[in-house]
K.L.:
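Before I ask anything, let me first share the structure, which is written out below as structure tokens.
Only a predicted model underlies this, so the values are computations on that prediction, with no experimental measurement involved.
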Amino acid sequence: MVAASLAENLPEEARARAAELGLASCGDIDTALSALEAAAVWGEQTGNPMSLPDQPNEAGPGCTVMPEHESKQRLGAAGVAVPAGMVVTADRAAAAAAEVGYPVVVKAIGSAHKTETGGVVVGLGDPAEVASAASRLAGDNGTVMVESYVTGAVAELLVSVRSAPPVGMLLTLGAGGILAEVLDDTASLLLPVSADEVRGALRQLRVWPMLAGHRGRPPAAVDAVVEAVSALGALVRDDRSIIEVEINPLIVTPQCAVAADALMLVAEVPEND
């Protein structure tokens, strides 16, 4: 780390040179001390320093974009709420919907931006609708994903964590769903974070009034959002193969926060690392 007592003492060329050397730059002592404290806490939790692969946030050599259903399996095992669902052949979609429970969502397999490409049909309420959607969305392998449909949404959030060398893992919270790119409404924190820090970041967002209960509407389950972020932070702390996770949207209702869509970028970590 390179630290200065005043931000003016770290000109842009010095910051750029520090970045080339793999060093973090801090323009004031308080920030530097907070960063060192966070690094110490992280080291105590993991037992060894973080050394994530320095890969771009897209699939490249040695890294893979994990399919949505596999990403959700990891998230669910880590304690993040995900919809009940399964991947089935198109001819079994109606049976899967009955097992999951109506209403349901039918999704194409393999598309990272299903809403924009027409790869998702939501709110289906009977077998005929499910069969028709599955027939249309089935890919080359003839499969689709059938999930329970999350109702009662108060707001949709974007929650992402990505490797940001040399400083660690960067958490981003923001407006999600179709508003993610329209509003550009985000707040970022370096992991690990406390529950109070997550709540503070949420209050910075322009969508906070929706979460707080706008014009008499019921407030969102903010505690459930905090719990989801905590579970996600623990997952990327413990699984060093994860380079990036994006949950969009995290659907927040008055009772829960559910990862309705998610993708992971993962890399193999050497066994002797």
K.L.:
Using a distance-only test with no angle check, is there a side-chain donor-acceptor pair under 3.5 angstrom linking Thr172 and Ser188?
P.N.:
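Short answer, yes.
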
K.L.:
Answer yes or no: is there a donor N or O on one side and an acceptor on the other, between the side chain of Asn9 and the main chain of Ala4, under 3.5 Å?
P.N.:
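Side chain of Asn9 to backbone of Ala4, a donor-acceptor pair under 3.5 Å: no, none is there.
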
K.L.:
If we ignore hydrogens and angles and just use 3.5 Å, is the side chain of Ser132 paired with the main-chain N or O of Ala128 as donor and acceptor?
P.N.:
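It does not hold such a pair.
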
K.L.:
If you round to the nearest 0.5 Å, how far is CG of Asp261 from CD of Glu246?
P.N.:
8.5 Å

K.L.:
Just so I know, are the side chains of Val106 and Tyr149 near enough to count as touching, which here means a heavy-atom distance under 4.5 Å?
P.N.:
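Counting from C-beta outward, Val106 and Tyr149 never come under 4.5 Å.
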
K.L.:
Between Thr253 (side chain only) and Gly152 (backbone N and O only), is there a donor and an acceptor less than 3.5 Å apart?
P.N.:
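Between the backbone of Gly152 and the side chain of Thr253 there is no qualifying donor-acceptor contact (under 3.5 Å).
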
K.L.:
CG/Leu202 to CD/Glu197 distance, rounded to the nearest 0.5 angstrom?
P.N.:
12.0 Å

K.L.:
Distance-only, no hydrogens or angles: does the Arg199 side chain make a donor-acceptor pair with backbone N or O of Val226 under 3.5 Å?
P.N.:
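Flag not set: sc Arg199 to bb Val226 has no pair under 3.5 Å.
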
K.L.:
To the nearest 0.5 Å, how far apart are CG in Leu173 and CG in Leu250?
P.N.:
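Between Leu173 CG and Leu250 CG, I get 9.5 Å after rounding to 0.5 Å.
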
K.L.:
Between Glu129 and Gly125, is there a donor-acceptor pair closer than 3.5 Å when you use the side chain of the first and the backbone of the second?
P.N.:
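Flag set: sc Glu129 to bb Gly125 pair under 3.5 Å.
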
K.L.:
Verify, without hydrogens or angle tests, whether Asp185 (side chain) and Arg206 (backbone) share a donor-acceptor contact under 3.5 angstrom.
P.N.:
yes

K.L.:
Looking at Lys72 and Glu68, is there a salt bridge between them, counting it only when a charged N and a carboxylate O are closer than 4.0 Å?
P.N.:
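Salt bridge present between Glu68 and Lys72.
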
K.L.:
Would you say Ser71's side chain and Met66's backbone share a donor-acceptor pair under 3.5 angstrom?
P.N.:
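Checked: pair present.
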
K.L.:
With the side chain counted from C-beta on, respond yes when Leu124 and Val121 share a heavy-atom pair under 4.5 Å apart, and no when they do not.
P.N.:
yes

K.L.:
Between Asp196 and Ser194, do the side chains contain an N or O donor and an N or O acceptor separated by less than 3.5 Å?
P.N.:
no

K.L.:
Mind checking the CG-CG spacing from Leu6 to Asp28? Nearest 0.5 Å is all I need.
P.N.:
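With rounding to 0.5 Å, CG (Leu6) is 9.0 Å from CG (Asp28).
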
K.L.:
Nearest 0.5 Å, what's the CG-SG distance between Asp223 and Cys256?
P.N.:
13.0 Å

K.L.:
Do Met264 and Glu244 have side chains that get closer than 4.5 Å, going by heavy atoms?
P.N.:
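Counting from C-beta outward, Met264 and Glu244 never come under 4.5 Å.
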
